[in-house]
There are 2 protein chains.
Amino acid sequence: MARALSTTGAQDAGAEHSAAAQDAGGALYRQVAADLREAITTGAYGEAGRLPAEGALAERYGVSRGTVRQALAVLRADGLVTSRRGTRRVVLGNARVQSFSELLSFTHWARSMGEEPGGRLESLIRRPADAAEREQLRLEPGAEVYVTLRLRTLSDVPVMVERTVYPAHVGQLVAQLPPDVVSHTEQLREHGILFTDADHTIDVVTANAEDAKLLGCRRGAPLLRERRRTTDPTGRPVEWSQDRYLPGTVAFSVHNSLATSALSRHARADD
Amino acid sequence: MARALSTTGAQDAGAEHSAAAQDAGGALYRQVAADLREAITTGAYGEAGRLPAEGALAERYGVSRGTVRQALAVLRADGLVTSRRGTRRVVLGNARVQSFSELLSFTHWARSMGEEPGGRLESLIRRPADAAEREQLRLEPGAEVYVTLRLRTLSDVPVMVERTVYPAHVGQLVAQLPPDVVSHTEQLREHGILFTDADHTIDVVTANAEDAKLLGCRRGAPLLRERRRTTDPTGRPVEWSQDRYLPGTVAFSVHNSLATSALSRHARADD
DNA sequence: CAGATCAAGTTGGCCAGCCAACTTTGCTGA
DNA sequence: TCAGCAAAGTTGGCTGGCCAACTTGATCTG
C-alpha cells in the first residue's frame, strides 16, 4: 500500500502503517482494508477512536470513495468497526481474525498459534454413501465415499478426533496421500481441490468408545463437536467432517451484527 | 417488492415470489435481497440451480446493477449462493437464518421456533465492577455494574442459565423491570437501548453447584457455554453475558467463506 | 476424434457523481 | 441559562458507465 501524507494531529493517526499490508491482495479495496486493519489492531486509532471520513481515506489512498466503502465493509463484517449514518466510524475491538483458513484447517490453525500440529490416520475406507451422506454431499444413490478417521495432536498431545467423509473424486486423492501427511487440506489444494465455503454447527456430545480410546478420556466424557460441510467455488460439496475436541482445548468465536450476520442458533432436532 | 414480468421458461423461475418480502426494508437492495432469498429458500431455482445474471435481475427489478450486486452480497454473506467471476451464481443451500436477533435474544429465538420461552430472575445485585468486567464493558475504575442471574425455560423446562453483567446506565433500567418479564432485550429496546453488534465465544464447561441446582443436572455435568459481549450503535458495550445450556438443547451454526468471514477458533488460554 | 482457439456471456472491480438521512456542533433567541 | 434551530459534516443508497478476468460452449484445426 503506497501512500504518504501530512501526518499532523490525531486525525491523521494511521498515516504510516503500510508495513505488513503491502501486497495483501490484488484488489485495491483489499489493500486498503488490510492497511486499515493493521492500523486498527496496532491501536493507531485508539480503543474506541474514530476513523477518518470516507472522503479523507479516499484522498489518502488515492482511490474513489466507493473503493474505500468496499474496504470498510470488510472491516465492518469482521466486527472491527461500527458504521452508522451521520457519524464517523468507531473502532470496536482489536481482534485478529484471519479466520477462514484457520477454521477450515486444523494444521493452519495450529501453526498460526505457534503450536506443532500432528495427525495420525487411524483408518481410511471406501464404501457406498448412506442417506445422510448423500444428502450432505449431494450424491446420487449408489455413489461411493471415502471415510477417514484421524487423531489430531498439538505438540504430540491428543486434542481432537476427526471423522471426514469425502466424495469419490476427492477421496481418491486423499487415499493416495502418505498416511503420515499432516495437512490434507493443503495437499488437496495442490491437486486443485479448493475450499471456499463452509457451514459449521457446534454442540456438545459424549465420547463413544472409539473417541475415549483415541483421546484418552473416559467413555461418556463431554466433547465439543464441530460439524462442517465444505464446498468448492462451484458450490459442489467436497467434504463433510465431524470433529470432536477435548474440552479446554478450543473455543469457537464469532462476530455478528445487524448489518452482516450468518450465525444462528438451532434446536437440536437433527443429529 | 413490486415487479411483474414475463415468466416464461426456466430462466425466469423466480418471477412471482414477492409474497413474504413486500416490505423487507426501506432500502431497495434489501427488498431485492429479501425477494431473492424467498425465491431461493422456496426452491424456485432448484437445489444447485443458477441464478439469473446480474443484468437480468437489474432489469427485472428495475434497479441498477450496482443495487443488485449489493443485494447479492447479502445472500453471499449468508451462504445462500456462491459467487465467482465468469459464471452465474449458484444456489448453495436453502438455509433460513434471520439470525442476529435470534442469537441475541433467547426469547426471540424460542418464539421463532414456536416454543414458549420463560425466564425466572434468581437474583439481581449491584456492585463495583471487577477488572475483567471493566475490561469487557470498557468502564472506569470504581464504576458499578448490575449483575443478573436468570433461569431460562422452554415450555417450562429448564434449558439455560444466564448470567449477565450490565453497565450502570443499562442496569438501572433492568432493575426497574418486573421480575417476571420474559424478554429483557425487548424491554431495553423500548427504552432506547439498541443492540447492534455482538461477539460470541462458544465452548464447554462443567456445571457448578449453582448451575446444577437450577438446571437439575449433576454437578460437573457438561454444559455448552456461550459468552457474549454486545455493543450499541455507537460502539459502547451494553451487555456482557454468559449463558450455559444443557447439552442437546441447542447447537450453534455459522457460515463462513473466503469472501466474508468473522469466525475463528481460539486456544483456550483465557477464561 | 481430440485438442486448441475463439467469441460470447458473466462477475469482479473501480470510478464519478448525486441526493437523502442522520449526527454533531455551534449559534441564536427567548 | 437553556431550548431550539440552522449549518456543516458524514455515511447510506443508488445510478451509469467502463474495463478486466474468468468461464463456458462452439468452432476450427491437426
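In the text below, chain A, chain B and the rest are named by the order of the sequence lines, each starting its count at 1.
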Do any side-chain nitrogens or oxygens of [X] fall under 4.0 Å of OP1 or OP2 in [N]?
X: A/Y29; N: C/dC14; result: no
X: B/T67; N: D/dT15; result: yes
X: A/R89; N: D/dG12; result: yes

**OP:** Please answer whether the main-chain N or O of B/D197 pairs with a side-chain N or O of A/H255 as donor and acceptor at a distance below 3.5 Å.
**Re:**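 Not a single qualifying donor-acceptor pair exists.
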
Original post:
Between B/T41 (side chain) and B/R37 (backbone), is there a donor-acceptor pair under 3.5 Å?
Top reply: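 Such a contact is found between B/T41 side chain and B/R37 backbone.
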
Figure out the [atom1]/[atom2] separation between [X] and [N], and round it to whole Å.
X: B/L57; N: C/dT10; atom1: CG; atom2: C1'; value: 12 Å
X: A/R88; N: C/dT25; atom1: CZ; atom2: C1'; value: 13 Å
X: A/R50; N: C/dT25; atom1: CZ; atom2: C1'; value: 11 Å
X: A/L51; N: D/dT10; atom1: CG; atom2: P; value: 12 Å
X: A/L72; N: D/dT11; atom1: CG; atom2: P; value: 8 Å
X: B/L258; N: C/dG12; atom1: CG; atom2: P; value: 13 Å
X: B/E59; N: D/dG16; atom1: CD; atom2: P; value: 12 Å

Subject >> Salt bridge present between B/E239 and B/R229 (N-O < 4.0 angstrom) >> reply: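 Salt bridge between B/E239 and B/R229, a charged N being under 4.0 Å from a carboxylate O: no.
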
Original post:
Would one find more than 12 heavy atoms of other residues, nucleotides or ligands at under 6.0 Å from atom CD of A/E135?
Top reply: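 Atom CD in A/E135 is not crowded, with 12 or fewer foreign heavy atoms closer than 6.0 Å.
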
Contacts of [X] that satisfy side chain to side chain contact (heavy atoms under 4.5 Å, CB included) - sequence neighbours left out:
X: A/T234; value: A/D232, A/R236, B/R84
X: B/R134; value: B/A129, B/A131, B/L139, B/P141
X: B/T148; value: B/L121, B/L124, B/T164, B/Y166, B/V174
X: A/R85; value: none

Original post:
Looking for any heavy atom pair under 4.0 Å, which part of the strands does A/R69 touch: base, sugar-phosphate only, or nothing?
Top reply: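 Base: the residue A/R69, judged by heavy atoms under 4.0 Å, touches a nucleobase.
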
Original post:
Side chains of A/R89 and A/S83: is there a donor and an acceptor less than 3.5 Å apart?
Top reply: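 Yes, because at least one side-chain N or O of A/R89 sits under 3.5 Å from a partner of the opposite role on A/S83.
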
Subject >> Residue mapping more 5' on DNA chain D - nearest nucleotide basis, B/Q70 or A/T234 >> reply: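 Per heavy-atom nearest nucleotide, the more 5' residue is B/Q70.
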
Under 3.5 Å, which N/O atoms of the protein pair with N/O atoms of nucleotides 6-8 of chain D?
none

Original post:
DNA chain C: B/G55 or A/V68, which has the more 5' nearest nucleotide?
Top reply: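 Counting from the 5' end, the first nearest nucleotide belongs to B/G55.
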
At a cut-off of 3.5 Å, list every protein nitrogen or oxygen paired with a nitrogen or oxygen from nucleotides 19-22 of chain C, distance to 0.1 Å.
residue	atom	partner	partner atom	Å
C/dA21	O4'	A/R85	NH1	3.3

